[in-house]
Amino acid sequence: METLSNTQSNEISPREDPEVAMSSELDRDSVCAPIRSLEELANTLTNPPQWLKHLKDRVVRSPTIVQNSSLNCHKTNRNIGNIVKRFDSYLTPKTLVCHDMKNGYLDDRYLAGYPRGNGYTFFRWAQIDIFVYFSHHFITVPPLAWINKAHANGVKILGTIITENDGGKLLCEGFLKDYKKFADDLIQLALIYKLDGWLLNIENELETTDSMKKFVSYITENIHASIPESMIIWYDSVIEDGKLSWQNELNEKNRCFFDVCDGIFLNYTYKEHNLFKSYLNAQHRVMDVYVGIDVFGRNTYGGGKFNCHIAAEKIRMLNMSIAIFAQGWVHETLQPEPQDTFHERFMHKDNSFWRSLWPFLYTHPINTLFNTSFYIGTDKNQYALHEQELQLSRYLHNKNICDYDLSVSNLTNQCNCMQLHTENDNATCVLTKNNDSLAYFHQLFICDIQLNGKYILYTATKAVDESTNDLINLILLLRQTGTIRKIVCNAIETEGPEDNISLQQIKPIIDGIRIDSPYRNVSDATFRYYELHVKNPCRLLEISAEIVKGNSVELRAIGISKLKEK
């Protein structure tokens with residue numbers, strides 16, 4: 001990226017890392033690494049690494065999507081029936097995250113994680129559509145854990161092709177001599193790595209763009225034929241005459257590449273008039289314009305950092321897509337000491353950053369059964385991205401107002417009834433009522449889960465302190481044959497529970513039917529299980545929770561599984 005080359009720090013090559021060199025057999029079958037030359041590309045296609053057998057396919061997402069709101073995260077008895085409005089996901093602008101963390105391939109390059117705490121992790125998958133793994137190596141292939149976690153959440157993941165400076169010009173001249181072979185090799189590489197496409201980042205001048213345009217057109221057309229819903233995105237860099245000239249907009253100088261691929265990633269030093277010009281030039285393809293936001297704030301519109309929402313608001317006003325670059329800023333810029341509080345400080349800073357962007361993002365509903373204790377893939381003792389679990393559909397407020405919150409202009413005077421708490425190695429959700437006269441229904445998950453048959457639901461809760469209680473009712477909203485049904489999973493025995501065509505109450509299972517549940521963070525929690533019988537097919541739309549007694553409850557884990565018949 002244009003503004004990055006002079007600020008990139010701590011570049012680590014897996015083959016030069018002394019920790020890797022200490023092992024006698026930490027080779028490409030043990031460590032994920034980029035491809036640095038055409039020769040390495042040929043060798044990889046001939047002899048791919050063994051870890052590819054662990055790759056997973058991308059799950060299919062729900063066709064609907066929910067536009068986030070900055071309104072309160074809870075409902076009362078008066079508005080519990082107001083189902084969140086859904087939109088067609090194919091007709092909404094997208095959110096792309098371009099991951100640039102100290103040139104990549106850090107703790108994440110190890111196949112099964114690495115016993116080092118405080119590594120960077122990303123866990124806002126429900127709010128994004130595309131994840132790009134970026135580095136300054138020729139062909140950036142995402143590590144195993146990133147591919148699998150993106151795919152487990154239905155997110156497309158792209159690798160990066162980058163050429164820079166004089167060496168990049170020579171590389172381009174080399175692969176453009178037979179651009180069809182290079183394109184075919186990249187398609188084959190995407191197939192064996194289960195990638196969903198490529199970001200093309202050419203940051204060096206070209207003698208002519210004729211072959212480059214043919215290459216972009218050819219790879220786009222042919223990757224679509226090989227990989228369903230794949231993408232080729234062009235970065236705003238080289239223009240039609242071969243000059244390296246970042247336009248910060250879609251115009252007549254760079255649209256020759258936009259016209260033959262799936263989208264353009266605009267450089268981030270634009271002004272408002274550049275956005276409007278891009279909107280006009282894109283015509284019917286306005287959502288294929290991915291407007292860059294540099295989180296480090298290097299000449300980016302709005303200043304980046306905790307002001308990224310300023311640019312996001314302008315972009316969404318024109319119905320264009322957002323490309324968030326280098327969101328690892330929240331981790332990279334933390335002071336390393338004191339080590340014991342690094343994980344908690346990262347969680348709070350990351351939380352403030354994404355909360356500020358919340359009103360300009362969309363949330364994809366969960367459409368599979370799940371069990372989760374909300375592990376984010378890292379803690380203060382280890383980096384374990386491959387063990388990351390499902391997260392809530394909403395953001396959480398920091399437990400107390402912190403310096404990060406005070407740095408964000410659009411986070412003032414917001415309710416904090418769903419709080420982020422960090423305890424030891426784990427992050428948990430605390431639900432608070434704060435007002436004894438009102439019953440809050442805290443919305444936990446936006447769903448689109450097909451149900452038919454018998455299911456077991458569970459919650460794992462813990463009292464916040466001795467003066468409170470750990471009881472919550474679980475609220476399910478379902479759609480069945482045109483009717484919205486409400487199911488209340490009561491935490492305690494109730495006399496005469498209601499049961500009619502639109503409202504059903506079920507009691508916890510006294511004997512207890514045990515199911516597999518997350519092993520983290522639940523040793524001192526209270527589990528409650530509920531058996532749900534769905535006689536006619538329906539769709540689970542939302543999962544909420546209501547505090548029964550007291551003002552605060554810590555939610556440690558939650559899940560819904562198909563009941564196995566004996």
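A quick note: this is a predicted structure, and the numbers were derived from the prediction, not measured.
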Could you report the tightest heavy-atom contact between [X] and [Y], atom names first, then the distance?
X	Y	answer
A545	L431	CB-CD1, 3.8 Å
S356	F353	OG-O, 2.5 Å
A152	V59	O-CG2, 3.5 Å
V289	A282	CG2-CB, 3.7 Å
Q391	E389	NE2-O, 2.8 Å
P143	D108	CB-O, 3.3 Å

Calculate, to the nearest 0.5 Å, the distance between atoms [atom1] and [atom2] belonging to [X] and [Y] respectively.
X	Y	atom1	atom2	answer
I484	L541	CD1	CG	5.5 Å
I509	R528	CD1	CZ	13.0 Å
F131	C98	CZ	SG	8.5 Å
I264	D259	CD1	CG	9.5 Å

Exercise. Does the side chain to side chain donor-acceptor pair (under 3.5 Å) test come out yes or no for Q443 and S544, once each step is laid out?
Worked result: CA-CA 4 Å; Q443 187 183 79; S544 301; 5.4 Å; no
For this session: Show your reasoning for whether ring-ring contact (aromatic ring centres under 6.0 Å, His included) applies to F122 and W146.
Result: CA-CA 9 Å; F122 174 82; W146 287 109; 7.1 Å; no
Side-chain ([X]) to main-chain ([Y]) donor-acceptor, under 3.5 angstrom:
X	Y	answer
Y455	N452	yes
K562	I456	no
K194	I192	no
T300	I293	no
H397	M418	no
N398	I401	no
S226	N222	yes
E542	V84	yes
N153	W125	no
S89	P63	yes

For this session: Could you list all the side-chain hydrogen bond (donor to acceptor under 3.5 Å, both in side chains) pairs where at least one residue sits in residues 316-325, not counting sequence neighbours?
Result: T95-R316
Problem set entry | Derivation and outcome, side chain to side chain donor-acceptor pair (under 3.5 Å), residues D196 and S230 | CA-CA 5 Å; D196 302 289; S230 53; over 6 Å; no
Got a sec, which residues hit ring-ring contact (aromatic ring centres under 6.0 Å, His included) with [X], two or more places apart in sequence or on another chain?
X	result
F87	none
H331	Y120, F342, F346
W198	none
Y301	Y270

For this session: Carefully, step by step, assess K85 and Q67 under the rule side chain to side chain contact (heavy atoms under 4.5 Å, CB included).
Result: CA-CA 8 Å; K85 187 176 181 180; Q67 185 169 13; over 6 Å; no
With [X] via side-chain hydrogen bond (donor to acceptor under 3.5 Å, both in side chains) - residues at least two apart:
X	result
H442	none
R285	D288
K349	T333
T64	S62

Exercise. Which word best sums up how the rings of F276 and Y279 line up, parallel for under 30°, tilted for 30 to 60°, or perpendicular for over 60°?
Worked result: parallel
For this session: Determine the sole option in R355, R124, Q327 for which the side-chain hydrogen bond (donor to acceptor under 3.5 Å, both in side chains) test with D350 is passed.
Result: R124
Problem set entry | With sequence neighbours excluded, residues passing salt bridge (Lys or Arg N to Asp or Glu O under 4.0 Å) with E229 | R58
Problem set entry | Partners meeting salt bridge (Lys or Arg N to Asp or Glu O under 4.0 Å) with E313 (sequence neighbours left out) | none
Exercise. Does the ring centre of F123 sit less than 6.0 Å away from the ring centre of Y375?
Worked result: no
For this session: Would you please indicate if the ring centroids of W234 and Y290 are separated by under 6.0 Å?
Result: no
Neighbour count >12 (heavy atoms, 6.0 Å) for atom [atom1], [X]:
X	atom1	answer
Q450	CD	yes
D403	CG	no
K462	NZ	yes

Exercise. Charged N to carboxylate O under 4.0 angstrom, R61 versus D448?
Worked result: no
For this session: Kindly determine whether D262 and T220 satisfy side chain to side chain donor-acceptor pair (under 3.5 Å), including the steps that lead there.
Result: CA-CA 7 Å; D262 298 303; T220 302; 4.9 Å; no
Exercise. Do T432 and N551 have side-chain N/O donor and acceptor atoms under 3.5 Å apart?
Worked result: no
Exercise. Would you say the side-chain atoms of Q388 and H386 include a donor-acceptor pair closer than 3.5 Å?
Worked result: no
Exercise. Hey, does I487 have a side-chain heavy atom less than 4.5 Å from the side chain of L478?
Worked result: yes
Seminar exercise, completed: Those residues at least two apart in sequence (or on a different chain) that pass side-chain contact (heavy atoms from CB on, under 4.5 Å) with N473 are I475, V488, N490, A491, E546, V548
For this session: Check the pair F445, F370 against ring-ring contact (aromatic ring centres under 6.0 Å, His included), reporting the backbone distance first and the verdict last.
Result: CA-CA 11 Å; F445 299 101; F370 63 89; 4.8 Å; yes
For this session: Run through N400, L420, V330 and flag the one making a side chain to side chain contact (heavy atoms under 4.5 Å, CB included) with H348.
Result: L420
Problem set entry | N68 and Y362: CA distance, side-chain angles, deciding distance, side chain to side chain contact (heavy atoms under 4.5 Å, CB included) verdict | CA-CA 5 Å; N68 294 343; Y362 295 83; 5.5 Å; no
